[in-house]
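Structure, as structure tokens:
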Protein chains: 2
Amino acid sequence: MPPQTTLTGSSKPRGKLADADAPIDGPIDNLGTLKTFSRSAEIYGQNEPADRIYKVISGAVRTCRVLVNGRRQIGAFCLPGDLFGLEVRDEHTFSAEAVTELRVVVAKRSALIVLAENDSGSADQLWSLIGQELFRVQEQALLLGMTAPERIATFLLEMADRLQGGDCLELPMPRQDIADYLGLTIETVSRTFTGLERGLAIQMPTSRRIIIRNHASLDRLAHGRR
Amino acid sequence: MPPQTTLTGSSKPRGKLADADAPIDGPIDNLGTLKTFSRSAEIYGQNEPADRIYKVISGAVRTCRVLVNGRRQIGAFCLPGDLFGLEVRDEHTFSAEAVTELRVVVAKRSALIVLAENDSGSADQLWSLIGQELFRVQEQALLLGMTAPERIATFLLEMADRLQGGDCLELPMPRQDIADYLGLTIETVSRTFTGLERGLAIQMPTSRRIIIRNHASLDRLAHGRR
DNA sequence: CGGGCACTTGAGCTTTGTCAACACTCGTGG
DNA sequence: CCACGAGTGTTGACAAAGCTCAAGTGCCCG
């Protein structure tokens, strides 16, 4: 199987530290150039032409859209190694913003398409990326049907897996982003974190640093009963 | 643009009556055979190999999965003209069941793949189907972030559009299916319908037949404020 | 030291879920 | 033809979850 590159954070095993830089090894990297963004900078906007694709080298990205009523929905968090900006339609459905100081590799979409047309390996890879993305969005739809503690537990386990810091994770995003990702209010997120800490499932030295104390109890919350 | 075929009910304009048979004109149809299922029959199960794709000729289909905790999630309703069963992975993420008496055209997935490899038009079509599906799931994630009346209003407008009966629709599915699709309980669905009828937005001659009386008020509910 | 920002906590309220009873429809069998 | 029962839908009373508004804490950075 070709290089470890995930589109917008699949739940597949990865194997890099979040703070470490992602290796430059995929087909995108060879065609792309390095670019940096500062905290909260917009990388592209909703409805802009989707003519470039990006790969996170260091930092984190959120993809989001604001609705007519003002609510904001975060579609995904992208961590080092993740691809984003790849769309099937010609316009971006979500905008993308830097959650932290950010370094990405940018490549022209057209270069990718040409690559895929000539090289069936790249085409397969493209296809599998879309498959991962579809799967991810389906899982998110599942997430949104759960209770608040279930959503938070699922989120923490996902982040623990993707940040690869073992059971000790440094969340790059503020509470408001987590709330908008999980479809909750910031207060409910905060209270649920506190509740998990009281229940000894996690420990919070600071609000951004979470240590998973009881993996099993989070698992039980995220999946099965209780 | 080639034949009017939608994957699992896009929000693109279609143009057939739900009760009428869908025309047999796509690439799938030429390769496929007609098959019938009776009400509640399983067409394929979760985790079964995804080696066939289907097109609804008459009737309706629900795709669903049951979670460890017993809750059921409906991923989509498929109406005449809709494709379903096409997966990027090799196994079905959702099972598919006949909501009503059902007629479908079935084709081997492998035949489709071969077609796509030799004919770039078919490949584009396949690509655009996945794009539609991705878009649809993203919209469903939006849906699940709304309040109950907003979800119901959105659902009714979507069905009104897809069933093409103007403002008079005959829902093929029971309340429980609607509830599991919208992430609500059957009671909340029922009460919300009643509420909309009291508010004169809709009229319900029978529980399955819904007449949209005030399109604008449903629109306001589904999108913007109020 | 002071201001701003992110986060937490509390009190009250709204929405939705739960449990239970009841109504309607339709097909079957007495 | 009617009675019955199963499946489906509605309604009510209450409980629980999550949201809103408001205040308060802690921290970082000037």
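This one's a predicted model, so the numbers in the text were calculated from it and none came from an experiment.
Taking atom CG on A:Leu171 and atom P on C:dA6, their separation rounds to 15 Å, with Å as the unit. If you measure from atom CD1 of B:Ile210 to atom P of D:dG9, you get 11 Å, rounded to the nearest angstrom. When the P atom of D:dC21 is taken as reference, atom CD1 of A:Ile186 falls 14 Å away, rounded to whole Å. With rounding to whole Å, B:Asp180 atom CG is found 15 Å from C:dT16 atom C1'. Atom CD of A:Gln176 and atom C1' of D:dC19 are 13 Å apart (whole Å).
For A:Tyr54 and A:Tyr44, the gap between ring centers is short of 6.0 Å.
Each of B:Arg39, B:Arg65, B:Arg62 was scored for a salt bridge (charged side-chain N to carboxylate O under 4.0 Å, His left out) with B:Glu97, with one residue passing: B:Arg62.
Using a 4.0 Å cut-off, some side-chain N or O of A:Thr188 falls inside it from OP1 or OP2 of D:dC19. Listed pair A:Arg39 / C:dC5 fails the phosphate criterion, with no side-chain N or O lying under 4.0 Å from OP1 or OP2.
Residues from residues 190-204 of chain B with heavy atoms under 4.0 angstrom of DNA chain C, sorted by number: B:Arg191.
Side-chain N/O atoms of B:Glu187 and base N/O atoms of C:dC19 include a donor-acceptor pair closer than 3.5 Å.
Atoms CE and CD, from B:Met159 and B:Glu170 in turn, are 10.5 Å apart once rounded to the nearest 0.5 Å.
Shortest non-hydrogen contact noted between A:Pro205 and A:Arg209 is CD-O, 3.1 Å.
Residue-level contact check: A:Thr147 touches the backbone only, with heavy atoms under 4.0 Å from sugar-phosphate atoms and none from bases.
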For B:Thr93 and B:Arg89: C-alpha separation, side-chain torsions, deciding distance, then whether side-chain hydrogen bond (donor to acceptor under 3.5 Å, both in side chains) applies.
CA-CA 8 Å; B:Thr93 311; B:Arg89 300 163 65 230; 3.3 Å; yes

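With salt bridges taken as basic N to acidic carboxylate O contacts below 4.0 Å, one links B:Arg72 and B:Asp177.
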